[in-house]
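A short write-up of the structure that comes next.
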Amino acid sequence: MHKRLVNHCTIELSIIPQGPILIKSGQQDVNPSKPQMEFVQTYHKGGNSIYLPGSSLKGAIRSHAERIVRTVGNDERPNSDSNNQLWANDPLNDKYEYLKDQNQPDIYKKSSFTDQIFGNTSIASRIRIEDAYPQDISSIKIEQRHGVAIDRVFGSVAVGPFDYEVCTCGEFHTKIHLKNFSLAQLGLLGLVLRDLNDGWFAIGFAKSRGLGNVKIKYHKAVVQYPGCKLQNNQIKALGKQQTWSNTALLGAGEFLQGENENPYKFPFPDIQNTAIAAEKMDLNFGVKLTWDNQGENTVFNLFQLAVEEWSKLLTEEAAA
């Protein structure tokens with residue numbers, strides 16, 4: 001499925017600490033005046049700056065996505081004669097033996113719902129999260145804290161004292177890219193970001209000690225159909241007879257209706273009507289819909305539509 005690109009969603013957002021957060025560097029500075037646990041840093045805008053690695057964000061997002069789908073499903077593989085979806089695999093015991101010697105469509109269909117989004121040892125991820133860099137480096141506040149690890153048996157100090165640095169203020173900008181997605185997959189991502197904003201899970205080091213709580217501020221979301229054009233106020237697939245309303249939010253299955261075009265069994269129909277009118281992409285090739293957080297044209301509205309398809313998927317699964 002990665003050989004083609006039928007739809008693509010880019011979500012621009014900021015991550016704002018609501019208290020101390022720390023993404024630890026894997027190295028300790030030789031300078032004894034530096035804390036033992038330092039924030040990961042990189043070169044940005046002419047100098048060194050802390051940042052939130054995309055890999056750390058993706059790990060936290062995937063973990064909570066699996067938690068959500070296990071709430072409504074399970075991590076036990078259905079019987080071979082069952083049409084039920086495997087929602088999330090067991091990461092400790094699943095060795096993916098059932099994916100060996102399979103073709104790519106079968107690997108995708110036998111993979112769990114979360115693996116179909118985030119990838120596994122046999123299929124590539126369809127989601128990409130950029131590193132989150134500070135919007136304004138001068139607004140970043142770093143402070144040093146001290147801690148100890150307590151022995152749970154004796155109640156005495158087991159490790160420490162040690163010191164670590166945390167970020168308590170700032171705004172980190174990033175983008176999330178999702179390609180060849182079903183609307184249910186986009187809906188699950190929206191639920192994960194909602195829960196992160198509500199404080200249901202945190203990011204980084206010492207989450208159980210109160211670190212890692214953040215808020216999400218959406219800037220913009222763009223859904224693109226690179227193989228389409230605008231014609232007579234409709235979205236038309238290039239080289240095909242398929243057309244949709246110019247306000248249609250389309251999942252990948254909508255574009256794969258030709259003979260043998262959907263071996264991966266993307267859901268169909270997979271469409272929601274929006275209040276957004278499509279426009280041409282740059283260079284007048286392709287079509288896009290933009291949610292720019294003006295009035296009712298918000299990223300929240302986009303996720304609401306996608307979650308409706310996620311809810312339909314759950315209903316169909318329960319009825320199967």
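In this text, all values refer to a predicted model and were calculated from it rather than measured experimentally.
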* **Side-chain ion pair, Lys215 and Glu171, N-O less than 4.0 Å** => no
* Flag side-chain contact, heavy atom, 4.5 Å: Tyr96 against Asp94 -> yes
* Determine whether Leu99 and Asp106 make a side-chain contact, defined as any pair of heavy atoms from C-beta on separated by less than 4.5 Å. => no
* **Residue Asp282 excluded, over 12 heavy atoms near CG under 6.0 Å** => no
* To do: Apply salt bridge (Lys or Arg N to Asp or Glu O under 4.0 Å) to Glu12 and Lys217, showing your working.
  => CA-CA 9 Å; Glu12 296 185 27; Lys217 182 170 75 173; over 6 Å; no
* Structure fact -> On a heavy-atom basis, the closest approach of Gly187 and Val307 is O-CG2, 3.5 Å
* Asked: Taking all non-hydrogen atoms of both residues, which atom of Ile123 and which atom of Gln116 are closest, and how far apart?
  -> CD1-CA, 4.1 Å
* **Criterion side-chain contact (heavy atoms from CB on, under 4.5 Å) on Lys288 and Tyr225, from CA distance to verdict** => CA-CA 6 Å; Lys288 66 179 180 180; Tyr225 313 131; over 6 Å; no
* Should Lys58 and Ser125 be marked as a side-chain hydrogen bond (donor to acceptor under 3.5 Å, both in side chains) after you check the CA-CA gap, both sets of side-chain angles, and the distance that decides it? -> CA-CA 11 Å; Lys58 185 176 180 181; Ser125 171; 3.0 Å; yes
* Mark yes or no for whether Arg70, through its side chain, and Asn89, through its backbone, hold a donor-acceptor pair below 3.5 Å. => yes
* To do: Compare all side-chain heavy atoms of Val40 with those of Lys24 and state whether any distance is below 4.5 angstrom.
  => no
* **ILVMFWY cluster, Val222 and Ile271 together (side-chain gap under 4.5 Å)** => no
* Structure fact -> The reported gap from CD1 in Ile68 to OG1 in Thr71 (rounded to nearest 0.5 angstrom) is 7.5 Å
* To do: Report the C-alpha distance between Asp270 and Leu250 in whole Å, list the side-chain angles of each, state the deciding distance to 0.1 Å, and finish with yes or no for side-chain contact (heavy atoms from CB on, under 4.5 Å).
  => CA-CA 6 Å; Asp270 198 14; Leu250 304 171; over 6 Å; no
* Structure fact -> With Leu178 as partner, the option from Ile11, Val223, Ile127 fulfilling side chain to side chain contact (heavy atoms under 4.5 Å, CB included) is Ile127
* Would you please indicate if the ring centroids of Phe255 and Phe268 are separated by under 6.0 Å? => no
* To do: Search all heavy atoms of Pro134 against all heavy atoms of His44 and return the closest pair with its distance.
  => O-NE2, 3.9 Å
* **Closest non-hydrogen atom pair between Ala248 and Ile235, with its separation** => O-CD1, 4.2 Å
* Asked: Are Asp115 and Arg62 close enough, and set up right, to give a salt bridge (Lys or Arg N to Asp or Glu O under 4.0 Å), and what steps lead you there?
  -> CA-CA 9 Å; Asp115 279 358; Arg62 176 172 187 159; 2.5 Å; yes
* To do: Kindly determine whether Gln272 and Glu309 satisfy side-chain hydrogen bond (donor to acceptor under 3.5 Å, both in side chains), including the steps that lead there.
  => CA-CA 8 Å; Gln272 285 284 337; Glu309 291 299 320; 2.8 Å; yes
* For Asp101, look at atom CG and say whether over 12 heavy atoms of other residues, nucleotides or ligands are found less than 6.0 Å away. => no
* Asked: Do Glu254 and Pro269 touch side chain to side chain, with heavy atoms closer than 4.5 Å?
  -> yes
* **More than 12 heavy atoms from other groups under 6.0 Å of NZ on Lys240** => yes
* **Euclidean distance, Ile23 CD1 relative to Phe172 CZ, rounded to 0.5 Å** => 9.0 Å
* So which heavy atom on Ala60 is nearest to which on Ile203, and how close? -> CB-CG2, 4.0 Å
* Asked: Between Leu305 and Leu183, is any pair of side-chain heavy atoms under 4.5 Å apart?
  -> no
* To do: Decide yes or no for Ile140 and Cys169: does some side-chain heavy atom of the first lie under 4.5 Å from some side-chain heavy atom of the second?
  => no
* Note: Glu308-Lys312 ion pair, threshold 4.0 Å (strictly below) -> no
* **Joint cluster assignment, Leu289 & Phe285, ILVMFWY side-chain distance < 4.5 Å** => no
* Should Phe201 and Leu13 be counted in the same cluster of Ile, Leu, Val, Met, Phe, Trp and Tyr side chains packed under 4.5 Å apart? -> yes
* With the side chain counted from C-beta on, respond yes when Tyr218 and Phe303 share a heavy-atom pair under 4.5 Å apart, and no when they do not. => yes
* Linking I/L/V/M/F/W/Y whenever any side-chain heavy atoms sit under 4.5 Å apart, do Ile16 and Val299 land together? -> no
* Say you draw a straight line from NE2 of His177 to CZ of Arg128; how long is it, rounded to the nearest 0.5 Å? -> 4.0 Å
* To do: Under the side-chain contact (heavy atoms from CB on, under 4.5 Å) rule, what do Phe118 and Ile61 come out as? Steps first, then yes or no, please.
  => CA-CA 10 Å; Phe118 296 96; Ile61 286 173; 4.0 Å; yes
* Are the side chain of Asn262 and the backbone of Phe266 linked by a donor-acceptor contact shorter than 3.5 Å? -> yes
* Just by distance, do the side chain of Asn213 and the backbone of Pro17 share a donor-acceptor pair under 3.5 Å? -> no
* Is it true that a side-chain atom of Asn7 and a backbone atom of Asn180 form a donor plus acceptor pair closer than 3.5 Å? -> yes
* If you measure only the distance, is there a donor-acceptor pair under 3.5 Å linking the side chains of Asn120 and Ser111? -> yes
* Between Gln234 and Trp244, is any side-chain donor less than 3.5 angstrom from a side-chain acceptor? -> no
* Going through the distances and angles, do Leu211 and Ile21 end up as a side-chain contact (heavy atoms from CB on, under 4.5 Å)? -> CA-CA 5 Å; Leu211 274 68; Ile21 65 171; 5.8 Å; no
* For a side chain to side chain contact (heavy atoms under 4.5 Å, CB included) with Lys236, tell me which candidate from Val287, Thr243, Leu230 qualifies. => Thr243
* How about Phe300: does its CZ atom have over 12 heavy atoms from other parts shown lying under 6.0 Å from it? -> no
* Asked: Transitively linked via ILVMFWY side-chain contacts under 4.5 Å: Phe39 with Ile137?
  -> no
* Structure fact -> Of all heavy-atom pairs linking His219 and Ser14, the shortest is NE2-OG, 2.6 Å
* Quick one: does NZ or CZ of Arg194 land under 6.0 Å from the six-membered ring centre of Trp200, within 45 degrees of the ring axis? -> yes
* Apply salt bridge (Lys or Arg N to Asp or Glu O under 4.0 Å) to the pair Lys141 and Glu143, showing each step before the final yes or no. => CA-CA 7 Å; Lys141 303 298 181 185; Glu143 65 181 51; over 6 Å; no
* Structure fact -> Output for pair (Thr298 OG1, Lys220 NZ), nearest 0.5 Å, gives 15.0 Å
* To do: Could you check whether the rings of Trp87 and Phe113 sit parallel, tilted or perpendicular, using 30° and 60° as the cut-offs?
  => tilted
* Asked: Within a reach of under 6.0 Å around CG of Asn232, are more than 12 heavy atoms found that belong to other residues, nucleotides or ligands?
  -> no
* To do: Enter the distance from Leu302:CG to Leu186:CG here, rounded to the nearest 0.5 Å.
  => 5.0 Å
* To do: To the nearest 0.5 Å, tell me how far Ile276 CD1 sits from Thr247 OG1.
  => 9.5 Å
* To do: I would like to know whether Ser138 and Asp136 meet side-chain hydrogen bond (donor to acceptor under 3.5 Å, both in side chains); could you show each step before the answer?
  => CA-CA 5 Å; Ser138 64; Asp136 180 7; 2.7 Å; yes
